[in-house]
Amino acid sequence: MTIGNARYAAVSAVTSYKPIEKPLNFMETPSKDLYGTNVFSDAVMKERLPKAVYKAMQRTIRKGEMLDATVADAVATAMKDWAIEKGATHYAHVFYPLTGATAQKHDGFLSPDGRGGAIAEFSGDQLIQGEPDASSFPSGGLRTTFEARGYTAWDVTSPAYILENPNGTTLCIPTAYCSWTGEALDKKTPVLRSMQVLNTQAQRILKLFGHENPGRVIPTAGAEQEYFLIDRNFFYSRPDLVVTGRTLFGAPMPKGQELEANYFGVIPERVLAFMMEAERELYKLGVPVKTRHNEVAPGQFELAPVYENANVSTDHQHLVMITLQRVAQKYGMACLMHEKPFAGVNGSGKHLNWSLGTEDMNLLEPGDTPHENAQFLVFCTAVIRAVHKYSTLLRAAIAHAGNDHRLGANEAPPAIISIFLGEQLTDVYEQLEKGGAKSSKKPGTLKVGVDTLPTLPRHAGDRNRTSPFAFTGNKFEFRAVGSSQSIAGPLVILNTIVAESLDYMATEIEAATKGDPKKLNEAVQSVIKNVIKEHKSVIFNGDNYGEAWHKEAEKRGLPNLKNTAVVMEAVGSKENSDVLAKYKVLSKREFASRNEIYTEKYVADITTEALSCLEIAKTMILPAAYRYQGVLASTLASLQAAGRAGDSRSLDKVSALVSDLEDRIEALEAAVGKEVHGNVVKEGLHARNEIFPATLAVRETADALEEIVADDLWPLPTYQEMLFIK
């Protein structure tokens, strides 16, 4: 079988697809009865734990009090019995190292009893602490390879759950992960630290507004997940997708996403079946998935949850990615999480909806008259100040090789960090800056012009889908987060910089009021006015895609860090390092280590793509081009031998492209092989400025060849096949 025929075989396998397994009997167990069945939830704890133990757990979970270690044995016993009843034979401490992936080490419950049998054991000590190898995960210099000790620590605030497999189940326990020295080696620990400091500073503001016991302030998050689905026959026929997660080659399709015809379109039956099963699996795990739909690009889809506690939401986001990829296999598909798996069509993001509040109130809820809602205005102003003052930190939180392909394209916000407030809030702040807000623009009604349709309520302001950081009613939507990344990093930065702004504003208001509540209104107005004057340049309600905004942003002094290499060069400033260290979210060593790890990963990603590009170009694309060149040359020679004047234009064009491809392959090999002396930042700049352009150059010529080489000789599944054949 030739390479071209192998591609045809993949197309044939896709078009003759039959379900691998029987459909689910969805009527047997309604979805509402599945929800949370595999979670060691509040209800399960209340039923199985002694009352005193249950109350101690609730004080830790709801109020943030220190865990009473004496309750661990009782919790471990109840958790073990519950898990074994659900078929579990092993437990796993699940943690999130700086690889960005989920890690877990499985240990069995069974231990020999000394009489030829076995007993199930699980102690409080085993629940609280585990010890995976710390030398095999990225540490950025915090650990050396011969210093292996690391610890996982039970995160009581994120519920344990059961992960199912056809051959059994595993009890999964979310944990933080740190080194023997106590330094964070994971993504969860800084999230928990940042949530703690945000609560501390938010309480100061609430106290000023007369709240005596408002309850713990918790940031909430809900991350929309965009992804692509293609048939696994195509996936395994594309070495670039297998190795890098994105296509390194691919000529434009005759039809792409013109007129946004795919957006909210009818979901293909096979895809919908996959979605329904994935949702049922997520329901079991207590993940509050809510929305599903076609996205703009062909083959692209979205899943969105209801917002929840930011720490739990982070853990759930990892479960969402794992579940989507696992269930896709059952339907013969591959789920692609890369930000830009296909050039020329929209990439995928993970819009992070962020807010903060107590159990009783959302602190970013403006109400019907936001000009009179001083408490809301203080919290909202703190966010504006934070985003402007620490924009490079926020930009760094979403910087990686995959997102570089997406940010600034027509489906994603630019790399310039700005805030959209909408007409109503912008008007309120303009009034405040001039001396005092007297009114708020009112929501209205929308008449469609059809008598049989109801009159619809209309919001006081429109939405802006081009803004990287947009206020959307009672929350902010950070739209620049990449689809493949953990939301932990963005949450750590958001929580910390907002905490710093709340600290600043609380200090200013406290100084102005000196404990006199009668001075509160005047003090609040004065502080807000001063903050807005200093930081209003970050507010932009227009078209973030337009070139005019790039020029305007430059005038305003807003950074435009266009790729990860320049971001990592800029982010390690003293101001950025100081704010994270001040609130003990990341020490200076931890911050520096992360910058080093993420830059190393960037270099590794760019280099891996270059090496994969070279392999495919040399072993698949060049041979196909040579074959077609030979066919054309043979045909021309035959015509000339027969006394006919053959046309050599196609042969000349192919020959020129083949020669150009060989030259560009050599240039890429030279860029990859070049030694870079200096620190990892210089390696990142070399990867971006030399290796990356050389990779694109190889692709450019290869894509030109794809458009003229005979179809039966082309070795790689095309964009048209992968995105439209389901």
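Worth saying up front: this structure is predicted, and the values here are computed from it rather than measured. We count residues from 1, following the sequence as given.
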**Prompt:** Does any non-hydrogen side-chain atom of P288 lie less than 4.5 Å from one of Y35?
**Reply:** yes
**Asked** With a 4.5 Å heavy-atom cut-off, do Q104 and H90 have their side chains touching?
**Response** no
**Complete:** Applied to residues 82-107, the salt bridge (charged side-chain N to carboxylate O under 4.0 Å, His left out) test, sequence neighbours excluded, yields R48-E85
**Prompt:** Is a side-chain donor or acceptor of N495 paired with a backbone partner of L491 at a separation under 3.5 angstrom?
**Reply:** yes
**Sub-4.5 Å side-chain heavy-atom contact between Y331 and L229** = no
**Item:** Check: D404 side chain, T564 main-chain N or O, donor-acceptor pair, under 3.5 Å
**Value:** yes
**Asked** Can you list every side-chain hydrogen bond (donor to acceptor under 3.5 Å, both in side chains) pair that touches residues 69-83, not counting sequence neighbours?
**Response** D68-T70
**Asked** Could you give the distance from CG (N199) to CD (Q201), rounded to the nearest 0.5 Å?
**Response** 9.5 Å
**Message:** Run the side-chain contact (heavy atoms from CB on, under 4.5 Å) test on V75 and W154 for me, step by step, so that the C-alpha distance in whole Å, both residues' side-chain angles and the decisive distance to 0.1 Å come before the verdict.
**Reply:** CA-CA 12 Å; V75 176; W154 174 34; 3.7 Å; yes
**Under the side-chain hydrogen bond (donor to acceptor under 3.5 Å, both in side chains) test, residues paired with Y161 that sit two or more places apart** = none
**Message:** Counting only heavy atoms not in F235 (residues, nucleotides, ligands), do more than 12 fall under 6.0 Å from its CZ?
**Reply:** yes
**Side chains of Q126 and Y91 in contact at under 4.5 Å (non-hydrogen atoms)** = yes
**Prompt:** When rounded to the nearest 0.5 angstrom, what distance separates CG in N353 from OG1 in T472?
**Reply:** 5.5 Å
**Message:** If you compare all heavy atoms of K588 against all heavy atoms of A581, which two are closest, and at what distance to 0.1 Å?
**Reply:** CG-CB, 4.1 Å
**Asked** Is R270 salt-bridged to D231, going by a charged N under 4.0 Å from an acidic O?
**Response** yes
**Any donor-acceptor pair under 3.5 Å from N403 side chain to I398 backbone** = yes
**Prompt:** What's the spacing between Y96 OH and L185 CG if we round to 0.5 Å?
**Reply:** 16.0 Å
**Prompt:** With a 4.0 Å cut-off, would you call K46 and D42 a salt bridge?
**Reply:** no
**Request:** Would you confirm whether the ring centroid of F301 sits within less than 6.0 angstrom of the ring centroid of F274?
**Result:** no
**Prompt:** Are E277 and R280 ion-paired here, with the side-chain N under 4.0 Å from a carboxylate O?
**Reply:** no
**Interatomic distance, L407 atom CG to R479 atom CZ [nearest 0.5 angstrom]** = 11.5 Å
**Message:** Once salt bridge (Lys or Arg N to Asp or Glu O under 4.0 Å) is applied, do any residues pair with R594, and if so which ones, sequence neighbours excluded?
**Reply:** none
**Prompt:** With sequence neighbours left out, what residues match Q300 under side-chain hydrogen bond (donor to acceptor under 3.5 Å, both in side chains)?
**Reply:** S348
**Message:** Using a 3.5 Å distance criterion without hydrogens, assess whether the side chain of R395 forms a donor-acceptor pair with backbone atoms of V567.
**Reply:** no
**Message:** By the definition side-chain contact (heavy atoms from CB on, under 4.5 Å), identify the one residue from E302, H351, M337 that meets it with Q225.
**Reply:** M337
**Pairs touching residues 117-131 that satisfy salt bridge (charged side-chain N to carboxylate O under 4.0 Å, His left out), sequence neighbours left out** = E131-R149
**Message:** Within this structure, what is the CD1-CG distance for the pair I162 and L171, rounded to the nearest 0.5 Å?
**Reply:** 5.0 Å
**Message:** Looking at G215, is its backbone amide N or carbonyl O close enough to the side chain of Q203 to form a donor-acceptor pair, meaning the two atoms are under 3.5 Å apart?
**Reply:** yes
**Request:** Mark yes or no for whether S612, through its side chain, and T608, through its backbone, hold a donor-acceptor pair below 3.5 Å.
**Result:** no
**Message:** Side chains of L394 and L494, heavy atoms from C-beta outward: is any pair under 4.5 Å?
**Reply:** yes
**Prompt:** Heavy atoms, side chains only, cut-off 4.5 Å: are H338 and L241 in contact?
**Reply:** no
**Asked** Counting only N and O atoms by type, is there a donor-acceptor contact under 3.5 Å from the side chain of T358 to the main-chain atoms of R216?
**Response** no
**Asked** Between the main-chain N or O of G130 and the side-chain N or O of T152, is there a donor-acceptor pair closer than 3.5 Å?
**Response** yes
**Item:** Flag if over 12 foreign heavy atoms under 6.0 Å of NZ, K726
**Value:** yes
**Item:** Lys/Arg N to Asp/Glu carboxylate O, R193 vs E590, below 4.0 Å
**Value:** yes
**Request:** Please check if the side chain of T244 supplies one atom and the backbone of R246 the other of a donor-acceptor pair under 3.5 Å.
**Result:** yes
**Request:** Kindly determine whether L98 and Y598 satisfy side-chain contact (heavy atoms from CB on, under 4.5 Å), including the steps that lead there.
**Result:** CA-CA 8 Å; L98 297 174; Y598 298 149; 3.7 Å; yes
**Prompt:** Can you tell if the side chain of H400 reaches within under 4.5 Å of the side chain of D605, non-hydrogen atoms only?
**Reply:** no
**Message:** Please determine whether side-chain contact (heavy atoms from CB on, under 4.5 Å) holds for the pair M195 and N311, giving the CA-CA distance in whole Å, both sets of side-chain angles, and the decisive distance to 0.1 Å.
**Reply:** CA-CA 8 Å; M195 291 174 67; N311 176 45; 3.6 Å; yes
**Request:** For the residue pair V320 and P305, establish whether any side-chain heavy-atom pair is separated by less than 4.5 Å.
**Result:** no
**Item:** Member of E224, Q485, E226, Q317 meeting the side chain to side chain donor-acceptor pair (under 3.5 Å) criterion with K350
**Value:** Q317
**Prompt:** How long is the gap from CG on N309 to OG1 on T157, to the nearest 0.5 Å?
**Reply:** 6.5 Å
**Message:** As a quick check of understanding, evaluate side-chain contact (heavy atoms from CB on, under 4.5 Å) for F137 and D186, giving each step before the final call.
**Reply:** CA-CA 9 Å; F137 291 103; D186 68 337; over 6 Å; no
**Item:** Whether F95 and Y177 hold their rings parallel, tilted or perpendicular, with breakpoints at 30° and 60°
**Value:** tilted
**Asked** Hey, does the side chain of T175 reach the backbone of V94 with a donor-acceptor pair shorter than 3.5 angstrom?
**Response** yes
**Asked** Do you know which of T220, N474, N362 makes side chain to side chain donor-acceptor pair (under 3.5 Å) with S355?
**Response** N362
